[in-house]
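To start, the structure itself, in structure tokens.
Worth knowing before you read on, the calculation uses all heavy atoms, side chains too, and leaves out hydrogens, waters and symmetry mates. So that the names make sense, note that chain A is the first sequence line, chain B the second, and so on, each numbered from 1.
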Amino acid sequence: MDYDFRAIEATWQRKWKETEAYKVTEDSERPKFYVLDMFPYPSGAGLHVGHPLGYIASDVFARYKRHKGYNVLHPMGYDSFGLPAEQYAIQTGQHPAITTEENINRYRDQLEQLGFCYDWSREVRTSDPSYYRWTQWIFGELFESWYDTQAQRARPISELESAFSENGNFNVHPACHEQWWQGLSFPHFGAHFDGSFTATDWDSMNMAERQELLMCFRIAYLADSEVNWCPALGTVLANDEVKDGLSERGGHPVVKKTMRQWMMRITAYADRLLNSLDHLEWTDSVKEAQRHWIGRSEGASVRFAVANRDGQPDPSGAEVEVFTTRPDTLHGVAFMVLAPEHTLVESLTTEACRADVDAYIEAAGMKSERDRQGDKSISGVFTGGQVIHPLTGALVPVWIADYVLAGYGTGAIMAVPAGDERDWRFAKHFDLPIPAIFEGVDTNEAACTDKNATLCNSGEWNGLRAVDALSRAIEWVETHGCGARKRNYRIRDAVFSRQRYWGEPFPIMYEGGIPKRITDATVTLPQVDAYLPTEDGEPPLARASREDWPVFRGDAMETNTMPGWAGSSWYFLRYMDPHNNVTFCDREKSDYWGQVDLYVGGAEHTTGHLLYSRFWTKFLCDRGYIGFDEPFKSMINQGMILGRSNFVYRIQGTNTFVTASQRKDHHTQRLHVDINLVENDKLDLEGFRAWRTEFADADFILEDDGTYICGHEVEKMSKSKYNVQTPDDLVERYGADTLRCYEMFLGPLTQHKPWDTQGISGVHNFLRKIHRLYTGDNADLPEKSSEEALRIVHKAIAKVTDDLDRHAFNTVVSALMIAVNDLGALNTNLGRDALQPLAVLLSPYAPHLAEELWAASKGPGSVLDATWPEALQSYLTEDQITYPVSFNGKVRFQLALSASLSAQEVEASVRQDERTAAQLAGKDIRKVIVVPGRIVNVVA
RNA sequence: GCGGGUGUGGUGAAAUUGGUAGACACGCCAGACUUAGGAUCUGGUGCUUCGGCGUGGGGGUUCGAGUCCCUCCACCCGCACCA
């Protein structure tokens, strides 16, 4: 009987649906296991063969864990807010919800035909109001929380209000900007305010003033901030959405702009986000990328008093504060450099220098972020101003230059040309002094960044190695009141507002200009007449009138929407309790399912998604809504599947195509040819002529055997290269089981690899062969199999189990092929005791066929719930071992010996063997090394 | 520049703690059955001057190295004036 994969797959998919075979519920009797895929954005193009790779691996693992007795949660959903649907809406006027729905349906069809074991009853869509009402709720909680830097956790804002009314801000340490009070609009805080206020101050404030003050401490807060504005997209972007000064999506230019935006105080979590990385089972590269993104560095802040014209401290008390990781090089400071945007530039600049400084600032402002990043040439101007060195009292000239970034540290540096390469280049370029501070190092030739160098010309630190002077230097600045030990971070608070339509609306209204949380309703998207920003640059939602809003409270609604990462930061929690309309996820359920045990997805989300969901998870944990503070315990990043393009070679100016091997004899033009017209690099000539009218009368110069061989190359899959392979075609031709096995067989999951359809027939053949084992000519089913058959099966059990445990998905297929080949070669009837375990081993990879074979071998119930077989040691141990015997490391002959022999006995047998004497050719044996069960090496 | 990774047959790749390098599969070659199907089955297939040589190059440790150490090279990914 043939392997009729179409009938088999259709039958079992229907049965599974009928029996709700993949539905899971909490079950305290069984251990849980949570396997999660990064959910897709449902794009209009549908899936190509690269997309399901990770899904297949996670599906295999989920099924394996189910066989192992775990209660497995394995859900799927859609990250369905996003730009493409919105841009399609802008072009066509069609509501993005319609586009999104269509795309989801297509995805769902494609996913279903692959036979994944998703519990579809748990599907989530981030753009569904029943989902995003809880995204809004989490935002609301973030809005109503502050971060206690002493307790290192988020707390309700009401507790901060209580603290203020009891003691002002004296015994409370909320995370906030260093000079959070700057920019407050009300009179309590004058020019000399230092950030402290009393309970009386607080009590004297009115509601609006209190709200304005509290806004400085909320975890989700409104602030004027310099943002990445993308004029082409009409929206702001987060730092990780900007690559090389261009938008990640669309590649449009991005400029800096100050706007009032919702922000997320992720910086409060910087240390925890960094520290808990150590316990995650993620790749080093992802963890390193996160560490770098957070960018913690240790050092000191040092303040330099601004000098007046006479070289005395300026009466205003103004100071330039810098952050440095090398306070030990303080004696080497030759000049200061401020970012052009630094607030003190204006007052430091002398009249004589003003024209140059203004010109430089203007030029820097004109440059886009991209230009500024790309331009590594040295530029800068002297301001004319000076500051006073806190250690030596010397006057230090102040420059501005755009290699100093306004957004990092304090936007100002102390330049130590002897110890820093950029400072050194700057000094050389402008012919500034390079004070020598390292013993025996000529810093006129290059900067010295070696921390083991010995200091000189450094007062009381002379003779110390730089590393050792570090802590002395920090102590010194601290005791002299001109600085402090400091940790600095690269990570910024995240901008959370987007000027888009197709995103979560904020649950925020304004009353008298004061933002307030809406808790009594879900704020759904209003209808608008166009999906573009308004004429005066307001977000698309501002087009909606009061009546257009399904929910409208207060004087005005917030018209920004949330960024793409909002919904994806917590979706793994919603799967646990997807239909709850009382809370985002019942605590009992999240306690049961807990962390995602295995997360599978591409590595392209290393900074954005992973960082943000870790942040939200920690927050929800702080507030007691869930019981764990890291979302993804272990993670596998699958590699990209590349396309294999085929080419034909047209002789210039003709319609004649020459086969690959002879193309060098002609002047040819290489053209992509649709891979569907090519098999094993041989072109289907008729198909090619029919492909396009221009090729209808094409001539060919062929190989000797009359075939046309195409050229090939591995490239990214894309429509324009005609190398896109959709799963649909392959499922149609070979079946889902074959495709699943083949994608796993292709190579290590984490590696990038070219897609090559040639190999799929081998895997398909394997499934046919295994099918034949169960439906052979004399298909009567004995209870017992032969000893030999059981040895083969148990060897496979051991290998497959071991490989799955270490996520070696590709070698499992090989192991099964070996077992099937060996069993086929036995040419004997197999019994249930061999066929049933074999069906279970197959089931994670080829679930449809496994069900069929399970039934054929009279297995009880569904194979899905069959217990994973255990490899019995008695079948694994051999009683004879064939030892390769090597002489000086070169294998010369084989020697079969009883497995029970000791090492000494093995050695004796080797010494006695006549072939040994022949190999020695008279030489003496110096040593014999016996590795029991493996090899014998004779050293002569 | 910094961080992470990868280099093994014609191709995708195996080799988990150092122990017969190339399993499994594709492709290719030969044969069988067929009579022109890209079907099926069987056998062969790293290179070789048949001594050997072979895991990017060079060196080292070891009885023994794809695997460990040092060094160099190539390619891929991420970050990038981060003080």
Give the ring-plane orientation class for [X] versus [Y], where under 30° counts as parallel, over 60° as perpendicular and anything between as tilted.
X      : Y      : result
A:F430 : A:W399 : tilted
A:F893 : A:F887 : tilted
A:Y3   : A:H771 : tilted
A:Y742 : A:F745 : tilted

With respect to the side chain of [X], which nucleotide from [options] is positioned closest?
X      : options             : answer
A:S285 : B:U20, B:G4, B:U16  : B:G4
A:R806 : B:C79, B:U16, B:G19 : B:U16
A:R772 : B:A83, B:C41, B:A80 : B:C41
A:P884 : B:U20, B:A13, B:G4  : B:U20

The single option from A:T329, A:D328, A:T324 passing side chain to side chain donor-acceptor pair (under 3.5 Å) against A:R326: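 The residue from A:T329, A:D328, A:T324 that satisfies side chain to side chain donor-acceptor pair (under 3.5 Å) with A:R326 turns out to be A:D328.
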Position toward the 5' end of RNA chain B (nearest nucleotide), A:A808 or A:Y408: A:A808
Position toward the 5' end of RNA chain B (nearest nucleotide), A:S814 or A:D756: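 Per heavy-atom nearest nucleotide, the more 5' residue is A:D756.
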With the criterion being N/O to N/O and under 3.5 Å, what pairs connect the protein with nucleotides 42-51 of chain B, and how long is each?
none

When you look at [atom1] of [X], are more than 12 heavy atoms from neighbouring residues, nucleotides or ligands closer to it than 6.0 Å?
X      : atom1 : result
A:E421 : CD    : no
A:R806 : CZ    : yes
A:K428 : NZ    : yes
A:R485 : CZ    : no

Phosphate OP1/OP2 of B:A13 contacted by A:Q751 side-chain N/O (<4.0 Å):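 Checking A:Q751 against B:A13: at least one side-chain N or O falls below 4.0 Å of OP1 or OP2.
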Side-chain N or O of A:R768 closer than 4.0 Å to phosphate OP1/OP2 of B:U40: yes
Secondary-structure notation, RNA chain B, from Watson-Crick and G-U pairs under 3.5 angstrom (| other strand): (((((((..(((......[....)))((((((.......))))))((....))..(((((..]....))))))))))))....
What does [X] touch in the nucleic acid at a heavy-atom separation under 4.0 angstrom: a base, only the sugar-phosphate, or nothing?
X      : value
A:N488 : nothing
A:V931 : base
A:R296 : nothing
A:K486 : nothing

Integer-rounded Å distance: [N] [atom2] and [X] [atom1]:
X      : N     : atom1 : atom2 : answer
A:I818 : B:G22 : CD1   : P     : 13 Å
A:Y883 : B:U20 : OH    : C1'   : 14 Å
A:H429 : B:C81 : NE2   : C1'   : 15 Å
A:W424 : B:G1  : CH2   : C1'   : 16 Å
A:I641 : B:C77 : CD1   : C1'   : 17 Å
A:M817 : B:A14 : CE    : P     : 14 Å
A:N637 : B:G78 : CG    : P     : 13 Å
A:D803 : B:A23 : CG    : C1'   : 12 Å

Quantified in whole Å, what is the [atom1] atom distance between nucleotide [N] and nucleotide [M]?
N     : M     : atom1 : answer
B:C47 : B:G54 : P     : 16 Å
B:U61 : B:U67 : P     : 15 Å
B:G66 : B:U45 : C1'   : 22 Å

Verdict with reasoning, A:D271 to A:Y489, per side chain to side chain contact (heavy atoms under 4.5 Å, CB included): CA-CA 9 Å; A:D271 271 319; A:Y489 298 89; 2.6 Å; yes
N-glycosidic conformation, B:G9 - syn within 90 degrees of 0, else anti: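 Nucleotide B:G9 adopts syn.
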Syn-anti status, with the boundary at 90° from 0, for the nucleotide B:G31: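 Here B:G31 takes the anti form, which means its glycosidic angle is more than 90° from 0.
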Sequence-aligned protein contact record of nucleotides 58-69 of chain B, with B where the base is within under 4.0 Å of a protein heavy atom and S where only the sugar-phosphate is: -----BS-----
Distance-only polar pair, side chains of A:Y64 and A:D805, donor-acceptor under 3.5 Å: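 Distance-only check passes for A:Y64 and A:D805.
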Test log, rule ring-ring contact (aromatic ring centres under 6.0 Å, His included), inputs A:F5 and A:Y734: CA-CA 7 Å; A:F5 58 85; A:Y734 298 101; 7.6 Å; no
Nearest atoms (heavy-atom pairs only) where A:A447 meets A:G419: CB-C, 4.3 Å
Any A:I400 side-chain heavy atom under 4.5 Å of A:H342 side chain: no
